[in-house]
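The block underneath contains the structure these notes are about, expressed in structure tokens.
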2 protein chains.
Amino acid sequence: MQSRTPASRTGRPRSAAADAAILAATREALVELGWSKLTLGDVASRAGVAKTTLYRRWAGKNELVVDAVAELFDELELPDRGSLAADVEGVVLQFAALLSRPEARSGLMAVVAESTLDEALRERIRVSIVERQKRLVHTGRARAQHRGELPPEPDPDEAARTVGLIFDMVAGAVVHRTLVSGQPVDEEWLHGFTRVLLSGLVTAGTGP
Amino acid sequence: MQSRTPASRTGRPRSAAADAAILAATREALVELGWSKLTLGDVASRAGVAKTTLYRRWAGKNELVVDAVAELFDELELPDRGSLAADVEGVVLQFAALLSRPEARSGLMAVVAESTLDEALRERIRVSIVERQKRLVHTGRARAQHRGELPPEPDPDEAARTVGLIFDMVAGAVVHRTLVSGQPVDEEWLHGFTRVLLSGLVTAGTGP
DNA sequence: CGTATTACGCTACGGCTCGTAGCGAAAGCG
DNA sequence: CGCTTTCGCTACGAGCCGTAGCGTAATACG
């Protein structure tokens, strides 16, 4: 999180409950107010803490929202559904469900927008959110290779690049569908996406 | 744009030059300040107009930035490069170049974030930005079908769905790569993406 | 148990931005 | 030349920001 505990052994410790209350209040405020109308004073009163307490832990709105949103991504899992196609559909559905929540929608896009002029914030997003999701792609890919559905990749650099590519294609498509195009990830879109991702545009005319 | 000219024939007409100056000043302020620190008073003084003039034309920051960003997408074109793969790479490169500009990065993501709680803004984005880009997918797809690279699709509904799917996959991947993952669309990524999009994950191991 | 140290809640403050109102001047239209 | 609308300017109350200062609460240490 935000707390750096390098050398502070003595004194009153920071309340962990306050941390949780503040992050929950931030998500609640994101749902009701959105990013631009969210004020730190409002978050503080929702959480039942003083505004100064909030400023002691986070530098500003950006950092606070990144942490509040990052917690949401801990819920993502990748159960083994038996095939690559089923695994892809599973993770897409989970990600789409996550992005259907207003706190994720407005929070995620807002901090990404802010990160364009803030290198530290971009790094914070990369560590807290991006890398946290990539592990799903890693395990799914490893499973598919173990099943023989995907060829093994001996070169670790090439493997990392491929994982990044797949991650951007899957997460990017879902994000763009739900947030930019503003349409739901229904079953029809889900199957179409999986078919194109696995078989490609050329070979996937109208499907099986 | 924002101007509704249903019935106003008499009186002093609005300055078209002021419109252009305001939108240009908005993009300039987006580059230097980003979304959150951009103030309408600053935009007004950059554009050389009074703040009140700005408020007479746009309801607020959101609507202004949507219009300012939408103009950027007019630059996108789709020259015929002879093959589907080349056309895809061409449009991806153009889109990536657009997203490398700070005014597009911060502006686009910010208004998308704001649109999660604002239905009117979402519709404005859909009309001004999303549909404006889909035409590229339409023409590219029609070209590929004419070349025989893609099978024809007689059902117009199914064709529209496919265009939407491809659009979300292409634009989404580029957006996610550049803004969320925060890495450049270099030649290696470009070729990998095109290969997976056209041939699929399964058939595209490490191929040519 | 007492003391040092840190976190906490509260209040108050200057500074900035917002969005609007009111005014006189300017610019087209008939 | 009048009518109408836009324009630039100034001013205003309201709200939020981020910080300072203070007294109090909670823990670690001796």
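Letters A, B, ... mirror the listed sequences (proteins, then strands); counts begin at 1.
- Atom-to-atom, CZ of A:R14 to C1' of C:dC8 comes out at 11 Å; the value is rounded to the nearest Å.
- In terms of position along DNA chain D, the nucleotide closest to B:A18 lies nearer the 5' end than the nucleotide closest to the other residue of the pair B:A18 and A:L40.
- Applying the ring pair (Phe, Tyr, Trp, His ring centres under 6.0 Å) test to pairs two or more places apart or on separate chains, none has a residue in residues 63-94 of chain B.
- Remark: B:R81 does not engage B:E89 in a salt bridge, criterion side-chain N to carboxylate O under 4.0 Å.
- Here the nucleotide nearest the side chain of A:Y55, chosen from C:dG9, C:dG28, D:dG18, is D:dG18.
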Polar pairs (N or O, both sides) under 3.5 Å between protein and nucleotides 13-16 of chain C?
none

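- In terms of position on DNA chain D, the residue among B:G11 and B:V49 whose nearest nucleotide sits closer to the 5' end is B:G11.
- Residues forming a side-chain hydrogen bond (donor to acceptor under 3.5 Å, both in side chains) with A:S128 (at least two apart in sequence, or on another chain): none.
- Rounded to an integer number of Å, the gap from B:I22 CD1 to D:dC7 P is 8 Å.
- Between B:L40 and B:W58, every side-chain heavy-atom pair lies at or beyond the 4.5 Å cut-off.
- The side chain of B:T10 contributes no N or O atom lying less than 4.0 Å from OP1 or OP2 of D:dC3.
- Taking all atoms of both residues into account, the shortest heavy-atom contact from A:A29 to A:V43 is CB-CG2, 4.2 Å.
- Qualifying side-chain contact (heavy atoms from CB on, under 4.5 Å) partners for A:V65, counting only residues two or more places apart in sequence or in other chains: A:T26, A:L30, A:W35, A:V69, A:V111.
- Applying the side-chain hydrogen bond (donor to acceptor under 3.5 Å, both in side chains) criterion to A:R105, with sequence neighbours excluded, gives no partner residue.
- Among pairs with a residue in residues 184-193 of chain A, those fulfilling side-chain hydrogen bond (donor to acceptor under 3.5 Å, both in side chains) read A:E188-B:R161, at least two apart in sequence or across chains.
- Remark: B:S15 engages B:A17, B:A18, B:R57 in a side-chain contact (heavy atoms from CB on, under 4.5 Å) (not counting sequence neighbours).
- Atom-to-atom, CG of A:L38 to C1' of D:dG15 comes out at 15 Å; the value is rounded to the nearest Å.
- Residues of residues 105-113 of chain B having a heavy atom closer than 4.0 Å to DNA chain C: none are found.
- For A:W58 and D:dC17, the CH2 to C1' distance is 18 Å, given to the nearest whole Å.
- Looking only at side-chain heavy atoms (C-beta outward), B:S115 and B:R126 stay at 4.5 Å or farther from each other.
- No hydrogens or angles were tested; on distance alone, a donor-acceptor pair under 3.5 Å links the side chain of A:T52 to the base of C:dC10.
- Look at CG on A:L54: it is 10 Å from P on D:dC17, rounded to the nearest Å.
- When the side-chain hydrogen bond (donor to acceptor under 3.5 Å, both in side chains) test is applied to B:R101, the partners found at least two apart in sequence or on another chain are B:E75, B:E103.
- Under the side-chain hydrogen bond (donor to acceptor under 3.5 Å, both in side chains) criterion, B:E119 pairs with B:R122, sequence neighbours left out.
- Within the helix from C:dC1-D:dG30 to C:dG30-D:dC1, the inter-axis angle between the opening and closing five-pair segments is 30°, rounded to 10°.
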So which protein N/O to nucleotides 23-26 of chain C N/O distances come out below 3.5 Å?
| unit_1 | atom_1 | unit_2 | atom_2 | d |
| --- | --- | --- | --- | --- |
| C:dA26 | N3 | B:R12 | NH1 | 3.1 |

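- Between A:K61 and A:E114 there is no salt bridge, since none of the side-chain N atoms of the basic residue sits less than 4.0 Å from a carboxylate O of the acidic one.
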Where do B:V175 and B:L99 land on the side-chain contact (heavy atoms from CB on, under 4.5 Å) test, with the steps shown first? CA-CA 7 Å; B:V175 167; B:L99 287 182; 3.6 Å; yes
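- Here the P atom of nucleotide D:dG18 and the CD atom of A:E63 are 10 Å apart, to the nearest Å.
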